[in-house]
**Q** 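For reference, the structure I am asking about is given below.
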Amino acid sequence: MEEGENSGGAFDGSYNKLIHQEDSEDDNTLYSNQEKQQVSISMVRPGFHLNHHKLLTVSLAVLAVILLAVDVGLGVYYNKLTDGQGTADIISEVYKLQASYGTAIQSRDEAKKQLASEISNQQLTKWEIVHQGTRRKSDEKLSDTIQTEISALKSHIPMIKEGCRHCLPGWTFLNSVCYYFAFSDDFSSKSWHEAREFCKFLGGDLAVTDRREKHLALIDLINKYQGPAGSIDHRRGFWIGLTDVEEEGTWKWLDGTRLTEGYWDNGEPNNQGNEDCAAMYPRNNPFQAWNDAPCRHELKWICQRTPTSAS
């Protein structure tokens with residue numbers, strides 16, 4: 001029994017030991033698997049970081065190589081620049097640039113001087129054009145005056161030829177009357193009374209244009225010499241033998257005959273400023289050729305006298 005118990009006890013002990021060993025093995029196996037998993041996890045993460053660090057290291061190395069290459073290139077370029085021949089070439093180029101710059105500045109200054117000269121010449125040309133234009137207008141005016149005088153003389157020649165037979169030298173025979181016109185600039189203008197005294201000295205008196213034919217003939221001759229005008233120019237008048245000095249508003253010829261038909265300008269006679277003497281003016285419209293004026297004014301004049309053949 002004891003042996004059996006012992007054997008049984010031994011068996012139980014062996015069994016328990018075996019069970020305990022299996023449990024231990026199971027526990028060890030569980031722990032071993034957990035450790036393996038931990039080991040595998042711990043082994044994976046450091047590896048990933050290692051690869052990342054390697055990539056970063058390689059990139060830095062490449063960058064360092066590039067910087068080194070750039071540094072070497074700059075050093076070589078600097079060595080070339082600091083080389084004696086390179087410096088000489090640079091200095092030579094600088095001198096060339098300075099020379100080109102100086103030439104450009106000189107050319108610019110010369111161009112400015114030339115421009116200023118051209119502007120001055122242009123202004124001078126403009127002034128000369130204005131001057132020549134003024135001269136041209138003056139010459140044209142003089143030419144027109146000469147042509148007018150030529151035409152007047154041509155038309156006057158027959159009267160002068162006829163006057164040589166009937167009138168004194170310098171007088172014009174017109175409508176059977178001898179007339180003297182103070183056209184020449186040699187005669188200074190005179191007052192009405194001075195002009196009448198001049199005519200009397202020559203054996204006549206101021207002209208009496210008491211008929212239409214006489215008036216039209218005289219105004220036509222005046223227009224040919226003076227040029228007709230649209231309005232009366234008070235400096236271009238000719239005294240005639242008509243006045244209202246005896247009675248204001250009653251106009252009479254020098255022979256005492258009262259005026260029956262006058263050829264006054266519009267609004268005339270108006271007796272402004274004691275205008276008691278009549279004058280004839282060159283006009284486009286011969287029926288508006290008279291104006292009253294103060295007898296003291298100085299104008300040209302027209303004398304008349306009887307032809308010598310009729311005396």
Side-chain angles (χ1 to χ4, degrees), residues 159 166-168 171-183 187-307 310-311:
M159 304 175 195
H166 303 285
C167 305
L168 296 174
W171 290 71
T172 300
F173 186 73
L174 187 63
N175 289 329
S176 301
V177 179
C178 294
Y179 292 99
Y180 187 93
F181 295 87
F183 288 131
F187 295 106
S188 60
S189 299
K190 300 179 182 297
S191 68
W192 189 85
H193 294 286
E194 290 173 344
R196 188 178 185 190
E197 290 298 322
F198 179 90
C199 294
K200 287 182 176 181
F201 179 77
L202 295 179
D205 209 335
L206 287 174
V208 175
T209 58
D210 53 354
R211 295 202 309 270
R212 176 178 179 275
E213 293 77 11
K214 288 183 179 180
H215 169 74
L216 292 180
L218 293 179
I219 198 67
D220 181 64
L221 191 59
I222 289 175
N223 283 342
K224 288 178 179 178
Y225 273 95
Q226 300 283 74
S231 60
I232 285 180
D233 183 351
H234 296 281
R235 298 167 297 180
R236 302 174 66 195
F238 291 79
W239 290 124
I240 58 176
L242 184 65
T243 178
D244 69 344
V245 67
E246 293 181 357
E247 182 181 354
E248 181 61 39
T250 302
W251 291 87
K252 295 181 180 180
W253 297 106
L254 294 179
D255 58 3
T257 305
R258 291 188 63 172
L259 176 69
T260 58
E261 182 182 6
Y263 305 102
W264 301 101
D265 190 20
N266 293 330
E268 303 295 338
N270 55 16
N271 194 37
Q272 290 185 356
N274 195 24
E275 297 175 332
D276 294 329
C277 296
M280 180 184 296
Y281 294 83
R283 292 297 303 275
N284 289 322
N285 185 350
F287 298 100
Q288 297 178 350
W290 290 2
N291 188 25
D292 60 339
C295 299
R296 65 181 181 277
H297 278 193
E298 294 182 346
L299 300 173
K300 298 290 187 177
W301 63 93
I302 304 173
C303 301
Q304 78 171 41
R305 62 170 290 168
T306 305
S311 59

**Q** Any salt bridge linking K200 with D205? Criterion: basic side-chain nitrogen under 4.0 Å from a carboxylate oxygen.
**A**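 No, this pair does not count.
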**Q** Is the side chain of Q288 donor-acceptor paired with the backbone N or O of N285 at a distance under 3.5 Å, no angle test?
**A**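 Side chain of Q288 to backbone of N285: no pair is present.
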**Q** Could you tell me whether the side chain of H297 and the main chain of K190 form a donor-acceptor pair under 3.5 Å?
**A**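 Checking the backbone N and O of K190 against the side chain of H297, no donor-acceptor pair under 3.5 Å is found.
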**Q** Working note: L242 + K252, criterion side chain to side chain contact (heavy atoms under 4.5 Å, CB included); need CA distance, chi angles, decisive distance, verdict.
**A** CA-CA 6 Å; L242 184 65; K252 295 181 180 180; 5.6 Å; no
**Q** Does a side-chain heavy-atom distance below 4.5 Å link W171 with L202?
**A**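 Sidechains of L202 and W171: in contact.
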**Q** Would you indicate whether the side-chain heavy atoms of W251 and W290 approach each other to under 4.5 Å?
**A**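 No - every pair of side-chain heavy atoms lies 4.5 Å or more apart.
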**Q** Can you name the one residue among T172, N223, L174, V177 that meets side chain to side chain contact (heavy atoms under 4.5 Å, CB included) with L218?
**A**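 For L218, the side chain to side chain contact (heavy atoms under 4.5 Å, CB included) test succeeds with only one of T172, N223, L174, V177, which is L174.
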**Q** Over all heavy atoms of both residues, which pair between S189 and K300 is shortest? Give the atoms and the distance, please.
**A**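 Here S189 and K300 meet closest at OG-N, 4.3 Å.
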**Q** Does N291 use its side chain to pair, donor to acceptor, with the backbone of W264 at less than 3.5 Å?
**A**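 Not confirmed, N291 side chain does not pair with W264 backbone.
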**Q** Counting C-beta onward and ignoring hydrogens, is there a side-chain heavy-atom pair between R212 and Y263 closer than 4.5 Å?
**A**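 Yes. Closest side-chain heavy atoms under 4.5 Å.
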**Q** Could you measure the distance from the OH atom of Y179 to the SG atom of C303? Nearest 0.5 Å is fine.
**A**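 The SG atom of C303 is 11.5 Å from OH of Y179, to the nearest 0.5 Å.
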**Q** Given side chains that start at C-beta, do those of Q304 and C178 come closer than 4.5 Å, heavy atoms only?
**A**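 Contact flag for Q304/C178 side chains = no.
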**Q** Of all heavy-atom pairs between C295 and W239, which one has the smallest distance, and what is that distance?
**A**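 Closest pair (atom of C295, atom of W239, distance): O-CZ2, 4.0 Å.
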**Q** Kindly compute the distance separating CD1 (I240) from NZ (K214), expressed to the nearest 0.5 Å.
**A**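 Spacing of CD1 (I240) from NZ (K214) equals 12.0 Å.
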**Q** Is a salt bridge present between R283 and D265, judged by a nitrogen-to-oxygen distance below 4.0 Å?
**A**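 Salt bridge present between R283 and D265.
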**Q** Using only atom types and a distance under 3.5 Å, with no angle test, would you say the side chain of D255 pairs donor to acceptor with the backbone of T257?
**A**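 Yes: the side chain of D255 pairs with the backbone of T257.
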**Q** So how far is it from R305 CZ to C167 SG, rounded to the nearest 0.5 Å?
**A**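 R305 atom CZ to C167 atom SG measures 8.0 Å (nearest 0.5 Å).
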**Q** When rounded to the nearest 0.5 angstrom, what is the spacing between CZ in R236 and OH in Y281?
**A**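 Between atom CZ of R236 and atom OH of Y281 there are 11.0 Å.
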**Q** When you compare the side chain of Q272 with that of D292, does any pair of heavy atoms fall below 4.5 Å?
**A**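 No, side chains not in contact.
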**Q** Has W301 got a side-chain atom pairing as donor or acceptor with S191's backbone, closer than 3.5 angstrom?
**A**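 It does not hold such a pair.
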**Q** Just wondering, do L206 and W192 contact through their side chains at under 4.5 Å, heavy atoms?
**A**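 When only atoms from C-beta onward are counted, L206 and W192 do touch, with a gap below 4.5 Å.
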**Q** Please check: side-chain N/O of D244 versus main-chain N/O of E248, any donor-acceptor pairing under 3.5 Å?
**A**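 Judged by distance alone, no pair lies under 3.5 Å.
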**Q** Does the ring centre of F238 sit less than 6.0 Å away from the ring centre of Y225?
**A**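 When the ring centroids of Y225 and F238 are compared, they turn out to be at least 6.0 Å apart.
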**Q** Nearest 0.5 Å, what's the CG-CG distance between D276 and N271?
**A**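 D276 atom CG to N271 atom CG measures 5.5 Å (nearest 0.5 Å).
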**Q** With rounding to the nearest 0.5 angstrom, report the CE to CD1 distance, M280 to I219.
**A**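 Here the interatomic distance stands at 5.5 Å.
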**Q** Could you check if a side-chain atom of I222 sits within less than 4.5 angstrom of a side-chain atom of I302, using non-hydrogen atoms only?
**A**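 The answer is yes, as the side chains (C-beta and beyond) meet within the 4.5 Å cut-off.
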